[in-house]
Amino acid sequence: MTLQTHSEPGDRFQRANQAKASFGDVYNQTEPSAYYRALLPLDYRIVDEAAPMFREIITQWRSRYQQRHVKVLDVGCSYGINAAVLRYGLTFATLGHRYLETRSPSAVPADDQAFFRNRTIADDALSFVGLDTSQNAQQYARQVGLLDGAIAENLEQGNISSNGKKHLQGVDLVISTGCIGYVTERTLGTVVDSVVSSSKPPWVASFVLRMFSYDAIASRLASQGLVTRKMAGTFRQRRFHGSDERRKVLQSLERRGIDPSEHEAQDDYLHAELFLSRPADSSAG
Ligand SMILES: C[S@@+](CC[C@H](N)C(=O)[O-])C[C@H]1O[C@@H](n2cnc3c(N)ncnc32)[C@H](O)[C@@H]1O
């Protein structure tokens, strides 16, 4: 007789997640000041390091499908930061410094809406839908105009709603920064299934901390017709929060058989890798 133990996809990431400092209290505020104030001192920079790669992927997608408009789904979109960076050409630090001034929290959304409205759009053929469990963050991002649609659902724990499916219709590219580990093949698999039922399979571009394995996600995406490649190089996400986090993250990497000596242990930053999944007929090159 074999004893079956029930384990969820997220359980795999539990130990690695425990190694990381938790910023859960700043994810679901009515405006992003606390988020920027927590992450600016740690030089959070994955959205800046990701932006040129996302732009290059968007260029390749446009060339492959001969279509300029790209509908992007940002998984773990938070306050719409990837949208702000990609649409307006801003950086995390430029955005974040606005939140170091003292403003009344209730005034921030309207103020930010005016700020974005008055900026030149760097790429006017992108639309953004966000998926995040943080209802407040999404509401802010919609209110200020960074997101065109939002899905506030936890696809790790439940099925997608019909409203969520509606927002996913026609998504061309799924992106994420800082979110794999919170989400697994369950979320990305559901997203891709929902898109495929309405249009062609989306491309999926995920920046993934090296302490998290992408294997289960890649194999779920393979079963949906997407071929995953790890792109060259590593990308700095942020500085360690302190010596305790540093020690636990290095241990976590070593447990995965990853040598941190030329990256995390050398510069004291968490490093991510980029995984790009595309239909087999788009994957050459
Ligand atoms: C480290 S933040 C990254 C935010 C943003 N992508 C960035 O790079 O600035 C992680 C985000 O994942 C979201 N998140 C956590 N669990 C989630 C889930 N099950 N589904 C979708 N989003 C989730 C959090 O609410 C948070 O906004």
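Counting starts at 1 for both ligands and their atoms, following the listed order. All of these numbers come straight from a predicted model, not from anything done at the bench.
L270 CG to T234 OG1: the interatomic distance, rounded to the nearest 0.5 Å, is 11.0 Å.
Listed by number with element, the atoms of ligand 1 under 4.0 Å from a non-hydrogen atom of S134 are 25 (O). Below 4.0 Å from some heavy atom of I81 lie the following atoms of ligand 1, by number and element: 9 (O).
Between F275 and Y214, the ring planes are parallel. Angles under 30° get that label, and only those over 60° would be called perpendicular.
For atom 10 (C) of ligand 1, the nearest non-hydrogen atom of the protein is G178 O, 3.5 Å. If you check which protein heavy atom lies closest to atom 5 (C) of ligand 1, you get G76 O, 3.4 Å. In terms of protein heavy-atom proximity, atom 1 (C) of ligand 1 is nearest to Y27 OH, 3.1 Å.
Under 3.5 Å, the side chains of D132 and Y182 contain no donor-acceptor pair of N or O atoms.
For N154, every heavy-atom contact with ligand 1 shorter than 4.0 Å involves the side chain, none the backbone. Residue contacts with ligand 1 for F92 are absent, since no atom lies close enough (heavy atoms, distance under 4.0 Å).
A cation-pi arrangement, defined by a distance under 6.0 Å to the six-membered ring centre and an angle within 45 degrees of its axis, is absent between R119 and Y88. A cation-pi arrangement is present between R98 and F115, with the terminal nitrogen or guanidinium carbon under 6.0 Å from the aromatic centre and inside a 45° cone about the axis.
The shortest N or O to N or O distance between V75 and ligand 1 is not under 3.5 Å.
Here atom 20 (N) of ligand 1 lies nearest to V183 when heavy atoms of T184, L131, V183, L155 are compared. Of the candidates F207, Y182, Y44, Y79, the one placing a heavy atom closest to atom 8 (O) of ligand 1 is Y44. Ranked by closest heavy atom to atom 23 (C) of ligand 1, the top entry among V47, T133, D74 is T133.
Assignment of F23 to the shell around ligand 1 is not supported, since no heavy atom sits closer than 4.0 Å. Close to ligand 1: C179, with a non-hydrogen atom less than 4.0 angstrom away. Ligand 1 lies less than 4.0 angstrom from a heavy atom belonging to Y35. Within the structure, ligand 1 has D132 among the residues with a heavy atom less than 4.0 angstrom away.
Taking 4.0 Å as the cut-off between side-chain N and carboxylate O, R68 and D124 count as a salt-bridged pair. Contact check on R87 versus D148 returns a salt bridge, with a Lys/Arg side-chain nitrogen under 4.0 Å from an Asp/Glu carboxylate oxygen. Under a 4.0 Å N-O distance rule, the pair R220/D193 qualifies as a salt bridge.
When atom types are taken as modelled, the side chain of E153 and the backbone of S161 share a donor-acceptor pair closer than 3.5 angstrom.
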Run the side-chain hydrogen bond (donor to acceptor under 3.5 Å, both in side chains) test on Y65 and D172 for me, step by step, so that the C-alpha distance in whole Å, both residues' side-chain angles and the decisive distance to 0.1 Å come before the verdict. CA-CA 10 Å; Y65 295 107; D172 301 306; over 6 Å; no

